[in-house]
J.: 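Quick one: structure below, then a few questions.
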Amino acid sequence: MKNKFISIFLAVVLLFSNFVTPVFAADGVKGNVSERSIQQQLSNKYTDAIYGDSWQRKYTITLLDEQTNKKSVFVIPAINNGRIDKNVFESNLPKNLKLVDFQVVDNTNFVNNNNIRLFAVETLYDIGCLTLSLAEFAVNPTFWNGFNVVLDGAAVVLPFVPSVTGVTRMIKNSDKLADAMKWGVARYDDLRDAKSGISRFKNYEAHHIIEKRFADVFEVNEKSMFAITIHKNDHNLITRKMQKKIPYRTGSDYSDLSEGYIKRKMIEGYDELYSETGDDLYKFLSKFVKESDQISTSKRVKVKVPN
């Protein structure tokens with residue numbers, strides 16, 4: 001399995017193919033330096049394109065919904081010779097959307113550096129991120145308005161959305177999950193700091209996907225653990241459920257519990273919340289814990305505040 005995963009990543013790096021990023025890295029994340037450097041190059045290039053100067057060209061696309069008279073503006077950085085054909089993009093739009101502006105800017109400072117970049121950190125993107133075809137993106141682009149996107153070759157990548165099984169459908173089914181994924185999955189402290197002092201988000205909180213009280217068991221810092229931004233009512237609902245699955249202890253010593261046991265109890269709790277509410281937010285959280293080998297990252301990122 002590990003060799004198959006690495007082979008897929010090599011194909012993506014060397015051929016810039018249109019393969020969807022594999023769901024999770026299994027044990028490959030902890031492989032040798034050359035394997036990890038390839039995986040991490042794939043990840044960091046997205047944040048560099050969004051927040052830095054490593055994009056080749058940048059598309060600014062303005063759409064008008066003729067039913068609501070509402071405009072949506074998309075800014076999409078492109079890498080790996082990614083190009084959007086205006087006519088093809090326009091032809092895939094739904095009938096209610098009209099393309100009113102299409103601008104392309106080339107990055108005169110871009111340097112095509114094919115050297116493998118080494119990062120001595122683990123990032124969320126080692127476990128895969130959501131990838132759509134350009135045609136799939138164009139079929140309903142306004143749905144993805146507010147998400148971070150990068151055009152990588154012929155694929156549209158949402159680098160802060162982990163590619164757990166069925167994530168696209170879950171996002172479309174759950175307003176709560178869609179709102180959370182506009183922030184993305186990131187370190188707890190990055191999400192906390194991003195919304196700090198913004199009054200309209202005063203009722204939203206960063207939720208540790210695996211509760212912070214178990215940080216010592218996993219030998220990680222609670223601030224570095226993966227989290228999502230959700231309403232405090234949903235956060236409280238999760239906290240109460242997980243307290244029933246693993247009761248609180250005096251002194252917060254859970255050292256006798258195994259990582260596997262804690263994960264199983266977290267999955268049970270999220271699954272029960274999904275059964276009780278029918279909201280795919282909880283199905284996503286269950287699948288993230290089930291399919292991911294990582295619960296934290298030493299890599300800090302700048303989190304974009306949704307509009």
Side-chain angles (χ1 to χ4, degrees), residues 16 18 21 42-66 68-94 96-112 123-125 129-163 167-168 171-172 178-186 190-191 193-195 198 200-201 229 300-307:
F16 304 124
N18 297 333
T21 307
L42 284 171
S43 67
N44 286 272
K45 69 179 181 180
Y46 296 137
T47 51
D48 290 347
I50 293 171
Y51 298 116
D53 200 32
S54 65
W55 47 275
Q56 290 173 277
R57 61 188 59 84
K58 189 170 288 185
Y59 293 86
T60 302
I61 300 172
T62 304
L63 302 175
L64 174 67
D65 188 327
E66 295 184 310
T68 63
N69 206 34
K70 181 180 178 180
K71 286 186 177 181
S72 299
V73 179
F74 301 85
V75 179
I76 305 176
I79 60 176
N80 290 340
N81 295 315
R83 295 182 182 277
I84 300 177
D85 183 289
K86 179 181 178 181
N87 293 329
V88 173
F89 183 83
E90 190 171 16
S91 66
N92 279 283
L93 292 174
N96 62 300
L97 293 182
K98 179 181 179 181
L99 181 63
V100 295
D101 195 25
F102 187 93
Q103 298 181 22
V104 186
V105 176
D106 289 319
N107 184 1
T108 57
N109 296 321
F110 176 76
V111 177
N112 188 10
T123 70
L124 169 65
Y125 320 109
C129 48
L130 178 59
T131 305
L132 309 171
S133 69
L134 185 58
E136 183 180 1
F137 179 80
V139 165
N140 191 8
T142 54
F143 177 81
W144 301 108
N145 193 24
F147 288 80
N148 283 291
V149 297
V150 177
L151 182 65
D152 186 355
V156 176
V157 178
L158 286 75
F160 295 99
V161 180
S163 185
V167 66
T168 303
I171 290 173
K172 291 181 177 179
D179 288 342
M181 291 301 98
K182 290 177 182 178
W183 295 86
V185 173
D190 287 335
L191 289 172
D193 294 350
K195 71 176 188 63
I198 304 177
R200 72 179 187 275
F201 296 121
T229 299
R300 297 203 64 175
V301 298
K302 179 182 178 183
V303 174
K304 179 182 176 182
V305 177
N307 296 328

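Scope of the values below: all heavy atoms of this structure, side chains included, with no hydrogens, waters or symmetry mates.
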J.: Partners of Tyr51 by ring-ring contact (aromatic ring centres under 6.0 Å, His included), sequence neighbours excluded?
T.: none
J.: Please check this pair: side chain of Asp190 against backbone of Val301, looking for a donor-acceptor N/O pair closer than 3.5 Å.
T.: yes
J.: Rounded to the nearest 0.5 Å, what separation is found between the CG atom of Leu132 and the CG atom of Leu158?
T.: 5.5 Å
J.: Looking at Leu151, Val104, Val156, which one forms a side chain to side chain contact (heavy atoms under 4.5 Å, CB included) with Ile84?
T.: Leu151
J.: Tell me, do Lys304 and Phe160 make a side-chain contact under 4.5 Å, heavy atoms counted?
T.: no
J.: Just by distance, do the side chain of Gln56 and the backbone of Asn107 share a donor-acceptor pair under 3.5 Å?
T.: no
J.: For the residue pair Tyr59 and Gly82, what are the closest heavy atoms and their distance?
T.: OH-O, 3.9 Å
J.: Run the side-chain hydrogen bond (donor to acceptor under 3.5 Å, both in side chains) test against Asn145 and tell me which residues pass, sequence neighbours left out.
T.: none
J.: Just to verify, what does Asn92 make a side-chain hydrogen bond (donor to acceptor under 3.5 Å, both in side chains) with, not counting sequence neighbours?
T.: none
J.: Looking just at side-chain N and O atoms, do Asp152 and Tyr46 make a donor-acceptor pair shorter than 3.5 Å?
T.: yes
J.: Below 3.5 Å, can you tabulate the donor-acceptor pairs from side chains in residues 96-103 to any protein atom, sequence neighbours excluded?
T.:
residue, atom, partner, partner atom, Å
Asn96, ND2, Asp65, OD1, 3.3
Asn96, ND2, Asp65, OD2, 3.2
Asp101, OD2, Gln103, NE2, 2.7

J.: With sequence neighbours excluded, what pairs up with Trp55 under the ring-ring contact (aromatic ring centres under 6.0 Å, His included) test?
T.: none
J.: In terms of ring plane angle, is the pair Phe137 and Phe74 parallel, tilted or perpendicular, where the classes change at 30° and 60°?
T.: perpendicular
J.: By salt bridge (charged side-chain N to carboxylate O under 4.0 Å, His left out), which residues pair with Asp179, not counting sequence neighbours?
T.: none
J.: Can you list the residues that meet the ring-ring contact (aromatic ring centres under 6.0 Å, His included) rule with Phe147, with sequence neighbours excluded?
T.: Trp144
J.: Apply side chain to side chain contact (heavy atoms under 4.5 Å, CB included) to Asn87 and list each qualifying residue two or more places apart in sequence or on a separate chain.
T.: Asp85
J.: Do you know which two heavy atoms are closest between Ser91 and Val88, and how far apart they sit?
T.: OG-O, 2.7 Å
J.: Please indicate whether Lys172 has more than 12 foreign heavy atoms, meaning atoms of other residues, nucleotides or ligands, lying under 6.0 Å from its NZ.
T.: yes
J.: Measure across Pro162 and Met181 and return the closest heavy-atom pair with its distance rounded to 0.1 Å.
T.: CD-SD, 4.3 Å
J.: For residues Cys129 and Val157, report the shortest heavy-atom separation together with the two atoms involved.
T.: SG-CG1, 3.6 Å
J.: According to side chain to side chain contact (heavy atoms under 4.5 Å, CB included), who are the partners of Val73, at least two apart in sequence or on a separate chain?
T.: Thr60, Thr62
J.: So, the side chain of Ser54 versus the backbone of Ala49: is there a donor-acceptor pair under 3.5 Å, distance only?
T.: yes
J.: Closest heavy-atom contact between Arg200 and Pro306?
T.: NH2-O, 2.8 Å
J.: Residues two or more places apart in sequence or in another chain: which of them pass side-chain hydrogen bond (donor to acceptor under 3.5 Å, both in side chains) with Arg83?
T.: none
